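Notes follow the structure.
Model, not experiment: these values are computed from the prediction.
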Amino acid sequence: MLFPNIPTKTLGGNVFWETLDYKKGWKLQRNIFSKHYRILDPKQMRQAWGYNESEIGESDK
């Protein structure tokens, strides 16, 4: 991965993101253009991202 997984505030992904899973406020989303994935916490902070869904799902969150 070229960039680190740094928690970052987001707008929640209402425009360019498809929500694939939602549990207890956490979202797994995929970008409709680049096809990369991210995980948002209940406060809409990006906690992980990457191009391989299984790799970001193994996060220590």
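Residues Q44 and T10 share a closest heavy-atom pair of O-OG1, 2.5 Å. In terms of heavy-atom proximity, I6 sits nearest to T8 at O-OG1, 2.8 Å. Taking each heavy atom of L40 and R46 in turn, the nearest pair found is CD2-CA, 3.6 Å. Closest non-hydrogen pair, S34 versus N31, comes out as N-OD1, 2.9 Å.
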Any chance you could lay out the side-chain contact (heavy atoms from CB on, under 4.5 Å) test for V15 and I32, step after step, and finish with the verdict?
-> CA-CA 9 Å; V15 178; I32 62 173; over 6 Å; no
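The distance from atom CD1 of I39 to atom CH2 of W26, rounded to the nearest 0.5 Å, is 7.5 Å. Between atom CD1 of residue I56 and atom CZ of residue R38 there is a gap of 10.0 Å, rounded to the nearest 0.5 Å. For the atom pair CG of L28 and OH of Y22, the computed distance is 13.5 Å after rounding to the nearest 0.5 Å. The line from CG of N5 to CH2 of W49 is 7.0 Å long, rounded to the nearest 0.5 Å. To the nearest 0.5 Å, the span separating CD on Q47 from CG on D41 amounts to 4.5 Å. Atom OH in Y37 sits 5.0 Å away from atom CD in E53 (nearest 0.5 Å).
With sequence neighbours excluded, the residues satisfying ring-ring contact (aromatic ring centres under 6.0 Å, His included) with F16 are F33.
The aromatic rings of H36 and Y51 lie tilted to each other, with the angle between the two planes from 30° to 60°.
Applying the salt bridge (charged side-chain N to carboxylate O under 4.0 Å, His left out) test to pairs two or more places apart or on separate chains, those with a residue in residues 5-25 are E18-R30, D21-K23.
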